[in-house]
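Within every chain, numbering begins at 1; the chains are lettered A, B, ... in the order of the sequence lines, protein sequences first and strands thereafter.
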Amino acid sequence: MSQATETEVGGEGRIASVSGPVVVATGLDARMNDVVYVGEEGLMGEIIEIEGDRTTVQVYEETSAVAPGEPVETTGEPLSVDLGPGMMDSVYDGVQRPLDVLESQMGAFLDRGVDAPGIDLDREWAFEPTVEEGDDVGPTDVVGVVEETETIDHRVMVPPGSDGGTVETVREGAFTVEDPVAVLDTGEEVTMRQEWPVREARPTEEKKTPTEPLISGQRILDGLFPLAKGGTAAIPGPFGSGKTVTQQSLAKFADADIVVYIGCGERGNEMTEVIEDFPELPDPQTGNSLMARTCLIANTSNMPVAARESCVYTGITIAEFYRDMGYDVALMADSTSRWAEAMREISSRLEEMPGEEGYPAYLAARLSQFYERAGYFENINGREGSISAIGAVSPPGGDFSEPVTQNTLRIVKCFWALDKDLAERRHFPAINWDDSYSLYRDQLDPWFEDNVEADWPETRQWAIDTLDEEGELQEIVQLVGKDALPDDQRLTLDVAQYLREAYLQQNALHDVDQYCPPEKTYDILSAIKTYNDEAFDALDAGVPVDEITDIDAAPRLNRLGTTDDYEPEVESIEEDVAEQLEALY
Amino acid sequence: MKEYQTITEVSGPLVFAEVDEPIGYDEIVEIELSGGETKRGQVLESEDGVVSIQVFEGTDGIDRNSSVRFLGETMKMPVTEDLLGRVLDGSGNPIDDGPDIVPEERRDIVGAAINPFAREFPSEFIQTGVSGIDGMNTLVRGQKLPLFSGSGLPHNDLALQIARQATVPEEKREAAEASDEPRAGEGEGEGGETEFAVVFAAMGITQEEANEFMEDFERTGALERSVVFMNLADDPAVERTVTPRLALTTAEYLAFDEEYHVLVILTDMTNYCEALREIGAAREEVPGRRGYPGYMYTDLATLYERAGRIEGQDGSITQIPILTMPGDDDTHPIPDLTGYITEGQIYVDRDMNSKGHEPPIYVPPSLSRLMDEGTGEGLTREDHGDVSDQLYAAYAEGEDLRSLENIVGREALSDLDNTYLDFADRFEAEFVNQGFDTERSIEETLEVGWELLSMFPKEELNRVDEELIEEYYHEDAEREPVEADD
């Protein structure tokens, strides 16, 4: 059940035992996954086990002082979210309670037993019909739009469960989310508000193969390890390696229509940073405020663990709703490890038989269910929409062999491995180019060839080969020193250094460098390749390697990332490099 | 209040008793022994008819005839501004022979989470006077920045140095937008610089270590503005699980009711986690990694996340938890989970210590996540970020070359490489090694940084903005003539 409905509460039991977030009730007639209210204070919880007369409930709030004998009431409905206009520009907790409303109700600290609907029930939205009386509509068909934010037109849809029918009346004007905006001949009233149980995927027609990249504005991602719209990616890394910075860069710059950002069990200050920054930052596509296309779900590490378990479902259900409207949605979950740990914590309180490292045996199943809700879809209403899911993983001790990383890798097709060594050298984003991969490369190449440059795949392959070669040479350098290498290998090291510093490194805090369009990504790489080709020509002509690497045009490559008007500078560097090198022979 | 003489089982720190009324989860329990002694505990699990109780002071002496009283409330901390200057035991009772504490209020020690929407992002620079922190891993108000240390390392000296020296420099404070009217320093505050109230929670440290802290607090007069909670090594382990919560409840009161800037030092978190494991084992829970309970991340988060700032409030809580990494291994669950919650970490390092550097901070793996927000023009100095990046990069290069030097020798390396090696040595000996009694302002720290960076030719400083190089570079520094193509 969602926060907005006042459902008849049926079936009352009483508490038999309390242990942390797990409460056992007896005498309760309820279904699995139904939402219940626990104790005198009415704390929200969800049924997670039924055994004989004993019903186990995970409670989304602190349970101090809750005692056996207190009542437990079921609502008879599963945990659901309210879907409708007003979700963009909102900040929710793990069960879709808006945090700004909670603050106004109970101050700076989160008290318990307070409910607030996920969308504002009183606000009126200007509804414009897109169907006429007499039109036939089916489930999820769009009947009209409201301007949700300056960026997003919210398409009002017939609920997926509807049988459809002929539009009898449809009204233009200002309505609340509960007012009917259209009435079908079946008597069904269509409102802007829908409810959907979070653990169930919204229906679609067909999942398709994604062929368009989700441009992230990060050179190493777009250039070497691209993600498709509708794709799945994992960012694992030890603490301090920059998972959150990477996730936030993606949330800021990814060319999705909608961003759902889930802060799952992470730091309070980090969420505050997002809450403070996003409204100030412009969306690179539209120039409007970033929040106008963003929905934040903030369930920090010290907020109740059961709500952490549910927050990823809340997030993906909201994402699916916008996908149904035909939007490309990017969903970031930071971090899925905290979600897995919440499962582990609940499971251990249930005294379930543990699987690997104490995680429940159903860990892999839950992870794959979650990631499978992402994809490029043809919706029931015929529109196409996508959800790209990007999950951060926080492996204990940075050890990628642990269960959450391994189970995630079996599902996702893009792997961006963060590396502590790189982070310690302040090489950011600290994504390791040897360990990372993207299985979308081949299916996205045609797009890059058509929209950026025809030799995009070849240039990329050259960069990968050079970096590979550098990796091997570095091992030798560690033993004998750089000066003992032959000239051509020393030159390769020099080129690879530009690849690392001018291309792979990107300053997330620099106004210009933080977002790099794919054309610029290509140009920087191709400038480095020009230097490489010219330099090897010079070497073949007998110029000593020290003289080649000493030319003063090449270091200018390093400042390309931070150059706003890069095109003339790329040209000028390429010319100067050629000129200076040719002067040597 | 009912008294029960119904204890059915005593196991480790846990006592099970039968009851005939509902008992709230987390409620406080008093157990009176046959000898008249009273112990306190907390309800860990409450079922119809049976409760399990975790006893703070250890279960020895408890028998079937001991009587159990349920106080009908969860654990509370009496809070008042008068706590400043007091020394309390790990359960919050005064042990300094001072007057009785008259509380303003009694607060639940399980603090509520701060609504992320109500937080204010920390951005006020705290000058600790320690170059390794200020220059490279800047601390800001409302941050939680742990010291990752090992047994036998001088982390306490570093913590004390920070507690002693921490200030927010005047002009920086005026520049910082968020601080309208910070509290003027009490006592001997220099030039109106802000002073901190210190809340110090000791968990399972030895009497000797405790004396070291107390003597320093008394010597410097810091005790007057401190609240000290002492759970020593021979105090009951279970009590350690409440000590930090009492301390943080006190800190929250001082910060958000009395508008103090509170620095909370928690030492040693390793002992706290051992206590958690002990309770978990006694309850026969399914263990997570290395036998620590699966909920340790959540549990630690409920402590660390109580640091921060709240929008519209003057006070703040800054946390410096100290933990000793078993076997100096930072992948051990305690430092690992801590690192995932805190906003960075400072490594206190054995090698640096054996080289005699004070404080022995090892910079490369250390990190302050909030540094970028608290540094730069108007906050510290315009060149701070670039200098720190360049120092990091140069030191990393120097460290790489050290391993090469071990194989091929110094002579086989180029002049530039040799400069990097010299730089790495001087960075440790001059920048990091400042002594536990030296206080450096941020300007002094950056000056030392520039002195070291000026060992390199200007072209080598590729992380520093050219204008800044012009302004701060020491033209007259001693430099080996470096030619790339000799």
Within residues 267-274 of chain A, residues adjacent to chain B where the heavy-atom gap is under 4.5 Å
A:R267, A:G268, A:N269, A:E270, A:M271, A:T272, A:E273
Side-chain donor or acceptor of B:E45 paired with backbone N/O of A:V18 under 3.5 Å:
no
Top residue by heavy-atom pair count (under 4.5 Å) with chain A, among B:I407, B:T302, B:I114?
B:I114
Okay, A:Q505 and chain B: the region with an atom under 4.5 Å from a heavy atom over there is side chain
Engaged part of A:E351 at the chain B interface, taking heavy atoms whose separation is under 4.5 Å:
neither
Is it the backbone or the side chain of A:R425 that comes under 4.5 Å from a heavy atom of chain B, or both, or neither?
both
Check whether A:V480 gets within reach of chain B through its side chain, its backbone, both or neither, counting any heavy atom under 4.5 Å.
backbone
What part of B:E252 is in contact with chain A, defined as an atom under 4.5 angstrom from a non-hydrogen atom: side chain, backbone, both or neither?
side chain
Quick one: what part of B:F256 sits under 4.5 Å from any heavy atom of chain A, side chain, backbone, both or neither?
side chain
For chain A, which candidate among B:A113, B:G142, B:A301, B:A118 shows the most heavy-atom pairs at distances under 4.5 Å?
B:A113
If I measure from the heavy atoms of chain B, does A:R308 come under 4.5 Å with its side chain, its backbone, both, or neither?
side chain
What part of A:V477 gets within 4.5 angstrom of chain B, counting heavy atoms only: side chain, backbone, both, or neither?
backbone
Say whether, by atom type as modelled, one donor and one acceptor occur between the side chain of B:N115 and the main chain of A:L99 under 3.5 angstrom.
yes
Side chain, backbone, both or neither: which part of A:P98 has a heavy atom under 4.5 Å from chain B?
neither
Interchain contact, A:E62 with chain B, by part (heavy-atom threshold 4.5 Å):
side chain
Quick one about B:Y297 and A:R338 (side-chain donor to acceptor, distance below 3.5 Å, no hydrogens or angles considered), yes or no?
yes
Within the distance-only criterion (no hydrogens, no angle test), does the side chain of B:Y295 pair as donor or acceptor with the backbone N or O of A:I346 below 3.5 angstrom?
no
Taking every heavy atom of B:Y347 against every heavy atom of A:K420, the minimum-distance pair comes out as OH-NZ, 3.8 Å
Would you check if the side chain of B:Y25 reaches a backbone N or O of A:G20 as a donor-acceptor pair within less than 3.5 Å?
yes
Between the OG atom in A:S337 and the OH atom in B:Y340, the distance rounded to the nearest 0.5 Å is 6.5 Å
Gap between atom CG of B:L337 and atom OG of A:S301 - 0.5 Å precision:
11.0 Å
State which residue, out of A:V101, A:L296, A:I275, A:L110, fulfils the side-chain contact (heavy atoms from CB on, under 4.5 Å) condition with B:F117.
A:I275
State the OG-NZ distance between B:S414 and A:K482, to the nearest 0.5 angstrom.
8.5 Å
Nearest heavy atoms of B:D26 and A:S64, plus distance in Å
OD2-OG, 2.5 Å
Give the interface residues of residues 393-402 of chain B toward chain A, defined by a heavy-atom separation under 4.5 Å.
B:A396, B:D400
Sub-4.5 Å side-chain heavy-atom contact between A:E70 and B:P22
no
Apply the test side-chain hydrogen bond (donor to acceptor under 3.5 Å, both in side chains) to residues B:T298 and A:E345: give CA-CA distance (whole Å), side-chain angles for both, the deciding distance (0.1 Å), then the verdict.
CA-CA 9 Å; B:T298 309; A:E345 195 170 328; 2.8 Å; yes
Sort A:P396 into side chain, backbone, both or neither according to what part of it lies under 4.5 angstrom from a heavy atom of chain B.
both
Contact leader toward chain A among B:R306, B:E27, B:R289, where contacts are heavy-atom pairs under 4.5 Å
B:R289
